[in-house]
Amino acid sequence: MTTTHGTTPAADGFRMPAEFERHRGTWMVWPERPDNWRLGAKPAQEAFVAVATAIAESEPVTMAVSARQYENCRSLLPDAVRVVEMSNDDSWMRDIGPTFVVDGTGRLRGVDWIFNAWGGLVDGLYFPWALDDAVARKVCEIEGADRYRAPIVLEGGSIHTDGEGTLFATEECLLSAGRNPELSKEEIEAELRAYTGVTKVVWLGRGVYLDETNGHVDNLINVARPGLVLLTWTEDPDDPQAEISLDARRRLESATDAAGRSLEVVTLPSPGPILITEEESGGVDVVKGTLPRRPGDRLAGSYANAYVCNGRVVVPRLDPRFDDEALEIYAKAFPDRSVVGVPAREVLLGGGNIHCITQQVPDPDLA
């Protein structure tokens with residue numbers, strides 16, 4: 001039985017490590033809901049298997065899955081992937097799982113944020129979400145990590161850190177009406193400092209155009225190392241993404257991190273625009289209360305939504321015109337890791353990508 005702490009990670013000497021620091025493993029959740037994933041989630045399941053397999057070659061992977069999908073999931077995944085039965089509402093482990101923190105003495109704890117499906121009854125994407133809100137606690141139990149239940153609504157995909165005291169977030173997301181409307185920007189920042197151990201928050205404006213999460217930062221940028229940020233970018237001045245990315249670049253280049261360093265920005269090409277086809281839309285069940293998948297709708301595709309694990313980076317393949325360029329940029333940004341591209345359109349059709357479906361467990365022995 002793990003302990004729920006009434007203090008905060010910062011008060012107890014814990015910090016949120018960067019994703020590029022050493023991991024103990026990775027968690028994912030198996031997709032199945034037919035009102036979000038087309039054709040009974042079969043194509044999405046193939047994509048999740050590909051992502052899990054790519055990660056499992058460098059570190060342990062655990063897949064959480066509902067009881068009704070357990071046998072199917074276990075039969076499709078390689079033996080190296082651990083499969084754990086766990087009830088859930090959907091498959092976005094980045095957002096529903098815990099944010100793990102370490103203290104440098106071998107202790108690992110998890111931050112259990114309040115989850116309300118990206119906006120609750122204001123602009124959330126489905127209801128109910130109680131099963132998802134319980135996932136972080138269950139993951140902490142299995143990992144043997146004591147837990148902090150944070151007092152604010154937040155998803156893991158809405159924050160990035162460099163592991164050295166700097167956190168990145170967007171105003172569009174963290175200040176949205178469906179999350180913590182009773183709190184000011186300064187009060188939200190104080191909670192971020194308390195529960196991640198950072199000393200500085202770099203605020204960006206909006207996230208990727210039409211991102212249904214209200215602009216998660218992990219779809220806009222990827223932190224390659226302290227002082228180096230990869231940014232989604234488009235050269236098309238008529239694309240609404242151009243203004244968003246330009247504003248983000250200006251903010252990043254005018255900011256300093258917690259150590260006082262200026263930030264170097266490397267741009268990633270934007271795929272697409274990627275639109276939902278009629279066939280793809282027709283394969284999704286229409287259910288009242290969930291976000292519809294309509295033909296012609298633009299998807300928030302981004303190469304920033306990649307996952308950095310031990311020894312490799314798993315990058316979504318989304319557009320043949322730009323895939324190789326994106327992989328080359330990652331190879332230069334992560335010279336000590338191999339870079340693997342995985343076809344990820346099926347994940348994007350569900351509303352996110354590779355980073356959104358993964359959550360790292362840091363090595364508790366990190367200094």
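Values reported hereafter were calculated over all heavy atoms of this structure, with side chains retained and with hydrogens, waters and symmetry mates removed.
Using a 4.5 Å cut-off on side-chain heavy atoms (C-beta onward), Val198 and Met16 make no contact. Counting only heavy atoms from C-beta outward, the side chains of Ser302 and His216 never approach each other to under 4.5 Å. Put simply, the side chain of Ser158 reaches to within 4.5 Å of the side chain of Leu174, judged on heavy atoms. The side-chain heavy atoms of Arg293 and Glu280, taken from C-beta on, include no pair separated by under 4.5 Å. Looking only at side-chain heavy atoms (C-beta outward), Pro364 and Arg24 come within less than 4.5 Å of each other. Using a 4.5 Å heavy-atom cutoff, the side chains of Cys173 and Thr213 are not in contact.
Of the options Ile221, Val347, Asn219, Asn222, a side-chain contact (heavy atoms from CB on, under 4.5 Å) to Asn305 is made by Asn219 and by none of the others. Applying side-chain contact (heavy atoms from CB on, under 4.5 Å) to Leu154 and the options Val111, Ile159, Asn116, Thr196 leaves one that passes, Ile159.
Taking Arg82 as the reference, Trp27, Thr62, Val84, Ile142, Glu143 meet the side chain to side chain contact (heavy atoms under 4.5 Å, CB included) condition, with sequence neighbours excluded. Ala333 is linked by a side chain to side chain contact (heavy atoms under 4.5 Å, CB included) to Ala224, Leu228, Leu230, counting only residues two or more places apart in sequence or in another chain.
No more than 12 heavy atoms of other residues, nucleotides or ligands shown are found within 6.0 angstrom of CD on Glu243.
Atom-to-atom distance recorded for Asn88:CG and Ser66:OG is 6.0 Å, nearest 0.5 angstrom. To the nearest 0.5 Å, the span separating CG on Asp112 from OH on Tyr148 amounts to 13.0 Å. One finds the CE atom of Met86 at 6.0 Å from the CE atom of Met93 (value rounded to the nearest 0.5 Å). From Asp319, atom CG reaches atom CG of Leu348 across 11.0 Å, with rounding to the nearest 0.5 Å. Here the CD atom belonging to Glu59 is positioned 8.5 Å from the CD atom belonging to Gln360, to the nearest 0.5 angstrom. In this structure, CD in Gln359 is found 12.0 Å from CE in Met28, a value given to the nearest 0.5 Å.
The pair Lys332-Glu328 fails the salt-bridge criterion, with no side-chain N (NZ, NE, NH1 or NH2) lying under 4.0 Å from an Asp/Glu carboxylate O. Looking at Asp324 and Arg317, a side-chain N of the basic residue comes within less than 4.0 Å of a carboxylate O on the acidic one, giving a salt bridge. A salt bridge does not link Arg107 with Asp12: every distance from a Lys NZ or Arg NE/NH1/NH2 to an Asp or Glu carboxylate oxygen is 4.0 Å or more. Ionic pairing of Asp133 and Arg149 is present here: one or more N-O contacts between side-chain nitrogen and carboxylate oxygen are shorter than 4.0 angstrom. Comment: Asp239 engages Arg298 in a salt bridge, judged by a side-chain N to carboxylate O separation of less than 4.0 angstrom.
The heavy-atom pair separating Arg94 from Asp218 by the smallest distance is CG-OD2, 4.0 Å.
Note: the hydrophobic cluster containing Leu318 does not contain Ile354 (ILVMFWY, side chain heavy atoms under 4.5 Å, direct or indirect links). At a threshold of 4.5 Å between side-chain heavy atoms, the hydrophobic network of Ile, Leu, Val, Met, Phe, Trp and Tyr places Ile274 and Trp233 in one connected group.
Between the side chain of Arg33 and the backbone N or O of Asp89 there is at least one donor-acceptor pair closer than 3.5 Å. Of the possible donor and acceptor atoms, none in the side chain of Asp146 sits under 3.5 Å from a partner among the backbone N and O of Arg109. Checked by atom type and distance alone, the side chain of Arg225 never pairs as donor or acceptor with a backbone atom of Val229 at under 3.5 Å.
Side-chain contact annotation: Asp236 with Thr234, donor-acceptor N/O pair under 3.5 Å absent. In this structure, a donor-acceptor pair under 3.5 Å is present between the side chains of Asp90 and Trp37. Between the side chains of Thr26 and Tyr307, at least one donor-acceptor pair of N or O atoms lies under 3.5 Å. Side-chain polar atoms of Tyr126 and Asn36 form no donor-acceptor pair below 3.5 angstrom.
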Which pairs of donor and acceptor atoms, one on a side chain in residues 40-52, lie under 3.5 Å apart (sequence neighbours left out)?
| residue | atom | partner | partner atom | Å |
| --- | --- | --- | --- | --- |
| Gln45 | OE1 | Asn72 | ND2 | 3.1 |
| Gln45 | NE2 | Pro31 | O | 3.0 |
| Gln45 | NE2 | Gln69 | OE1 | 3.3 |

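For Arg337 and Phe20, the positive end is not near the middle of the six-membered ring at less than 6.0 Å and at most 45° from its axis.
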